Amino acid sequence: MKESYFPQEIEKKWQKVWEDTKAFKTPDESDKPKYYALSMFPYPSGKLHMGHVRNYTITDVIARFKKANGFNVLHPIGWDSFGLPAENAAMQHNADPETWTDENIAYMTKQLKMLGLSYDWDREVTTCKPDYYKWTQWLFLQLYKKGLVYKKEAAVNWCDKCGTVLANEQVIDGKCWRCDSVVEKKYLSQWFIKITDYAEVLLEDLDKLPGWGDNVKTMQANWIGKSSGAIFKFPVVDAPNGEKIEVPVYTTRPDTVFGITYLVVAPEYKDIEKLTTPENKQAVEEYRANARKMTEIERLSTERVKTGVPLGTHCKNPFNGEIFPLWTADYALVEYGTGAVMAVPTHDTRDFDFAKKYNLPMKVVIENPQNPSDCSSEAYIEPGVLVNSGEFNGMKNDEAKKSITQWAVDKGFGEFKTQYRLRDWLISRQRYWGAPIPVVYCDKCGIQPVPEEQLPVLLPKDVDFKVVGKSPITTSKTFKDTICPICGGHATRETDTMDTFVCSSWYYLRYSDAKNSEKCFDRAKVNHWLPVDQYVGGIEHAILHLLYSRFFTKALRDCGLLDFDEPFKNLLTQGMVLKDGSKMSKSKGNTVDPDEIFENYGADTARLFILSDSPPARDFDWSDAGVEGCYKFLNRVWRLISSNQDNIKLDYKLNFPLSKENDDLVRNVHISIKGITNDISNDFQFNTVISKYRELTNAIYEWQAKKSNLTDEDKNVLSFAIVSLIKLMSPVAVHLTEEAWHDLGGVGSIHEQPWCEWDENLAKSSSITLVVQVNGKVKDKIEVDESLDQEEMKQVALNSEKIKALTEGKTVVKVIVVPKKLVNIVVK
RNA sequence: GCUCCAGUGGCGGAAUCGGUAGACGCGUUGGACUUAAAAUCCAAUUGGGCGUAUAACCCAGUGCCAGUUCAAGUCUGGCCUGGAGCACCA
C-alpha cells in the first residue's frame with residue numbers, strides 16, 4: 001500500500017475490475033431475500049449535475065448496505081430519454097435527436113461509472129429505443145382495451161414555446177413546467193387517460209404507504225382534492241320560449257340552502273344561452289367573450305375583483321319556494337362540479353364579495369353566537385345552529401347537511417355527491433421525440449388501435465425539424481399514410497406522441513425483465529422484484545411522476561398484469577443541492593461540475609461529502625471547504641491504514657479480558673458498529689454515519705498515541721478496529737476500502753463481505769457517568785460502576801460533596817432515580 | 001386564504017424514551033514542526049459575570065408567550081418568521 005492516497009489512480013483501477021467482472025450483476029434466482037433499491041432515472045441532458053450525484057450516491061449506499069446485510073439487491077439504472085430538449089437541439093444544430101441523445105447517454109454513463117455506482121448495467125433501459133417504446137405502446141393499448149383511454153375535444157393547456165399541449169399537472173402557476181412560458185387555453189381534440197376513475201383509490205391507498213413522507217402524501221391528497229357534498233337541481237321559472245330547464249348545482253354546504261339569494265353559472269356553461277333573456281343577451285355575450293380572452297394568469301389572480309352579469313332569468317328554491325336571479329360570473333368554473341354555484345353570501349366569502357359589489361340580498365341562516373344579528377361586514381363560515389331554515393331550525397349545521405340532503409333526495413331533486421379536483425391526464429403531445437400513439441384513423445372504420453403484432457409504431461426518420469407551428473412528425477412522407485387493420489382501406493396514423501411521463505410511469509417494472517423481447521415483462525419476475533423497496537428522488541416529482549406511476553400500477557393490476565397495487569413501498573425525497581444558499585443553476589453561475597471534483601479529489605471524496613453535511617431529505621449547501629475537509633479525512637484514514645499495514649492481520653483474535661485501554665477501543669468499535677448500523681437503518685441518516693466514521697478514526701489515533709511498542713494483544717485489537725472501520729466505510733468510500741482490503745490480503749472484494757456485527761454487552765462504555773441534578777439542574781457528574789442499583793445510585797449522589805453543600809439546611813422533598821443515568825434531588 | 005414542513009453557536013448540523021444542549025465537521029484564533037510554505041499534529045472556540053495568566057465557580061440560553069412535569073430542544077395551547085404545495089374547487 002502506498003504511503004500517500006492517490007484516488008484517481010485507484011479509482012480507475014477498481015472501476016475497470018468491477019466492470020470486467022460484472023461485479024454488480026444481480027441474479028433473478030437467489031436463496032437470499034430480494035431488495036429493490038431505485039433512483040429516479042435521469043433525463044440525458046448532457047452532463048450529470050450535483051443533484052444526480054446526491055441522488056445516486058444515496059441509493060448506492062443503501063443498495064450496498066442491504067447487500068452486505070444478506071439481501072439479493074436489484075439496483076438498476078436507465079434513461080428517461082424522450083423529450084423536448086433533444087428535439088430543440090436537433091432544431092438548432094440540425095442533428096438527429098437520437099444521435100444527440102445517444103451521445104449524452106454515453107457521456108453520462110462514463111460519469112456514472114466514475115462515481116463508482118453499483119449498477120447492474122445489463123438491465124439498463126432507454127425509453128427512446130424501440131425495444132422499450134414498443135412496450136409503452138403496448139401498455140397504451142391495454143389501457144385502451146380496458147376503456148381507460150379516450151379522445152375528446154376539450155379546452156386544453158397550450159404552451160406556445162414548446163408547441164404542444166400540457167397535462168394539468170404540468171402547469172405550474174399558470175406557466176409551463178419546462179420553459180416557464182405562460183400557458184394558454186385552446187380547444188383541441190386530444191387523447192386522455194382516465195386517471196379520475198382511480199381518484200378515490202389513489203387517495204385511500206396513501207394510507208397504505210407508511211414509508212412515504214407526510215409532505216408528499218398531503219400534496220397528493222390536495223391534488224386529488226376530494227370533497228363531499230350534494231347536487232341539487234333548481235328549476236328555472238322564466239326561461240325564454242317557456243322551456244323547462246333545471247340547473248344542477250354542486251355544494252359542500254347543503255346546510256345553507258335556505259340562504260340562497262342568487263345562482264351563478266360559469267361563462268362557458270353549456271346551457272347558458274337557453275338561460276339568457278333577449279334583453280340581457282348582448283351584455284352576457286360581451287362578458288363571455290371577455291372571459292375567453294383572459295389568460296390563465298389573470299384568471300388566477302387572487303387580487304382580482306369579482307365580476308359578473310345577470311342573465312335575466314330566475315330559479316325557484318325547491319326548499320322554500322323563494323325565487324332568485326341567475327347570473328354568470330367567472331368565479332364559477334365550468335370544469336369543476338356542475339359548472340354552476342348556488343350563492344349564499346352570508347356564509348361564503350366569495351359569494352359575500354360578489355353580493356356586496358352588485359347589491360344582492362343576504363339572508364342569515366346560521367347564527368354566529370358572537371354576533372347573532374350582523375351579517376354585513378363578513379361571511380360567517382364557522383359552525384353554528386340553523387335559523388330561518390323552516391323545519392331545520394335549531395339543528396347544528398353539520399347534522400343539517402345530512403338531513404337537508406336526505407330531504408332533497410326523498411323529494412327527487414337532490415343526491416349525495418363526492419367530488420374530486422383531479423382531472424383526466426392529457427397525454428397527447430404535438431412533438432416528434434416521443435412514443436407515437438399507436439392509433440390509426442380509417443376513412444370508413446374511424447379510430448382503430450394498431451394491432452399488437454404491428455408494434456412498435458416506429459418514429460419516421462424523414463422529418464423536417466425546422467418546421468414551425470406543427471409537429472415535425474407531420475412532415476414525414478412515409479409515416480402518415482397506412483392501411484386500416486379492419487377493412488384494409490386507406491387510413492392515416494395519429495401523429496401525436498405520448499407525454500414522456502407515460503414512458504416513466506412503468507420503467508421500474510421493466511428493470512425486472514429488461515431484455516425481454518417477447519413480453520413487456522415476465523409475470524413471475526415482475527411480481528418477484530416489485531414493489532420497489534426503496535425509491536429515492538427529488539421532491540419535484542411529488543405529484544407528477546409519483547401519482548402517474550401509482551395510477552399505472554393500479555391500472556395494470558386491474559388489467560391482470562401485476563399482483564400488487566402500489567409501486568414504491570418506501571420513498572425518500574432528497575433535498576436540493578444548493579450553492580451559497582440558492583439552487584445551482586447555469587444562469588446564476590453557481591454550478592459545480594462533478595467532473596472537476598472527480599479529477600481533483602476523486603469520487604470517494606465526492607460521495608463522502610455529498611452525504612456528510614445534511615440529512616438526505618434536507619437541502620444541502622455545497623461548500624468547497626467541506627469538500628476539502630472530506631478529502632483530508634480520507635487521507636487521514638489512508639495514513640492510518642498504510643502506516644499500520646504490517647501490524648494488521650485479517651485473522652485477528654481477541655482474547656478477553658483485555659487491558660483497560662484495549663478494552664476501551666474494542667468497546668468503541670462495537671459502539672460505532674451499532675450506531676452506524678442503526679443510523680443507516682433509521683431513515684438513512686448518513687450525516688451522522690459519517691460523524692461516527694470520524695469518531696472511530698479519532699479514537700484509533702488516540703489509542704495509538706498512547707502506545708510505543710505494540711504487543712500481540714495490541715496488534716489484534718488494532719486489526720479489529722481498522723478492519724471494522726474499512727468494512728463500515730465500504731458502502732461510501734467504495735474505492736479506498738477496496739484498495740485497502742486488497743492490500744491487506746483480503747480475498748475477493750470488500751463489497752462481497754458481510755456487514756460487521758456487534759455484541760450488545762460490548763457496545764457500551766465500561767463505566768457510566770451518573771448525572772446528579774438538584775431541582776432539575778445538573779450540579780455534578782460522577783463516574784460509577786454500571787452495576788449500581790437505584791438505592792446505591794441515590795446514596796452516591798447524596799454523598800457527593802458538591803451536593804451536600806447545595807442541599808445543606810434544606811429539606812429533601814423527593815429523589816428521582818433514572819436507572820444507569822441520573823439522580824434528581826428535589827429540595828425546598 | 002387553506003395544507004404540510006422547518007426554526008438549536010459565526011456556519012452545516014447532533015441530541016431513540018422528556019433525563020448532561022451544542023456530537024462530528026467547516027470556519028476562526030493561538031501554538032508545535034519547517035529556512036519558509038504546503039501537509040500534519042496540539043489547544044481554544046454559545047453568550048455573559050470576566051478585567052491579565054491559570055484554575056474554579058455562577059447566571060442565561062434551542063424563534064416568541066403561556067402551560068404540563070421532579071425534569072422540556074423534545075409534550076400541550078396560542079403566536080411570529082421562513083420554505084414548499086394548493087388555490088375564485090362552491
Side-chain angles (χ1 to χ4, degrees), chain A residues 4 172-173 213-223 225-227 229 249-253 256 263-264 266 299-302 304-306 329-333 335-344 347-351 353-354 381 419-422 539-540 542-543 575-576 578 581 609 612-615 617-630 632-633 635-636 639 675 678-679 682 685 687-698 701 705 769-781 802 813-819 821-827:
Chain A
S4 304
I172 317 286
D173 291 334
D214 285 338
N215 53 342
V216 177
K217 285 193 279 188
T218 45
M219 274 161 76
Q220 292 212 354
N222 287 343
W223 188 262
K226 180 179 181 174
S227 73
V249 154
Y250 173 71
T251 181
T252 56
R253 295 298 305 275
T256 63
L263 197 148
V264 179
R299 220 175 59 77
L300 288 175
S301 168
T302 47
R304 246 184 83 232
V305 188
K306 290 182 179 31
D330 62 3
Y331 82 90
L333 306 173
E335 62 272 35
Y336 186 77
T338 63
V341 183
M342 60 173 229
V344 184
H347 305 294
D348 180 281
T349 46
R350 292 157 310 204
D351 299 343
D353 293 344
F354 193 82
I381 53 174
Q419 189 72 39
Y420 301 90
R421 216 184 57 97
L422 184 71
I539 185 76
E540 67 274 17
I543 293 171
M576 282 190 302
L578 311 174
F609 176 57
S612 67
D613 261 28
S614 299
R618 251 192 259 186
D619 285 351
F620 176 90
D621 207 341
W622 183 275
S623 85
D624 296 335
V627 184
E628 197 76 38
C630 286
K632 283 184 189 171
F633 172 64
N635 272 284
R636 194 166 143 82
R639 281 196 306 277
N678 287 343
D679 283 357
N682 300 336
Q685 296 179 54
N687 54 330
T688 56
V689 168
I690 286 159
S691 301
K692 283 167 183 147
Y693 292 161
R694 292 178 189 268
E695 283 174 25
L696 180 56
T697 307
N698 291 345
Y701 268 109
T769 306
L770 175 65
V771 174
V772 187
Q773 297 178 329
V774 174
N775 289 344
K777 299 200 169 180
V778 178
K779 295 294 173 185
D780 199 8
K781 295 169 191 179
K802 281 186 195 169
V813 183
K814 205 175 183 182
V815 178
I816 284 130
V817 181
V818 182
K821 227 174 211 167
L822 172 142
V823 175
N824 186 16
I825 299 157
V826 186
V827 296

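Computed from a predicted model, the values in this text were never measured in an experiment. A note on names: the letters A, B, ... follow the listed sequences, proteins ahead of strands, and every chain is numbered from 1. Excluded from the calculations below are hydrogen atoms, water molecules and symmetry mates; all remaining heavy atoms, backbone and side chain alike, are included.
- Rounded to whole Å, the distance from CG on Asp353(A) to P on rA90(B) is 16 Å.
- When distances are taken from the side chain of Lys821(A) to each of rC17(B), rG85(B), rA90(B), the shortest belongs to rC17(B).
- Scanning atom types as modelled, no donor and acceptor separated by under 3.5 angstrom connect the side chain of Asn215(A) and the base of rC4(B).
- Donor-acceptor pairing under 3.5 Å, judged by distance alone, is present between the side chain of Lys306(A) and the base of rC88(B).
- Under the 90° criterion around 0 for the glycosidic angle, rG85(B) counts as anti.
- As rounded to whole Å, 10 Å separates atom P of rA38(B) from atom NZ of Lys632(A).
- Between Lys781(A) and rU20(B), a side-chain N or O to OP1/OP2 separation shorter than 4.0 Å is absent.
- Within 4.0 Å of Arg421(A), counting heavy atoms only, lies at least one base atom of the nucleic acid.
- Taking the six-membered ring where the residue is Trp, the centroids of Phe620(A) and Phe609(A) are separated by under 6.0 Å.
- Rounded to the nearest Å, the gap between the P atom of rA71(B) and that of rG61(B) is 15 Å.
- Across the protein-nucleic acid pair, Glu540(A) atom CD and rG83(B) atom C1' stand 16 Å apart, rounded to whole Å.
- The P atoms of rG31(B) and rA37(B) are separated by 12 Å, rounded to the nearest whole Å.
- A gap of 23 Å separates the C1' atoms of rG19(B) and rG9(B), to the nearest Å.
- Spacing between rG12(B) and rG48(B) at atom C1', rounded to whole Å, works out to 26 Å.
- The gap from the C1' atom of rU8(B) to that of rG13(B) amounts to 9 Å, rounded to the nearest Å.
- Of the P atoms belonging to rG22(B) and rA38(B), the separation is 33 Å, rounded to the nearest Å.
- The glycosidic torsion of rC17(B) lies within 90° of 0, placing the base in the syn range.
- Pair assignment for rC79(B): rG63(B), on the basis of Watson-Crick or G-U wobble contacts that are both within less than 3.5 Å.
- Checked against rG19(B), rC4(B), rC41(B), the side chain of Arg639(A) finds its nearest nucleotide in rC41(B).
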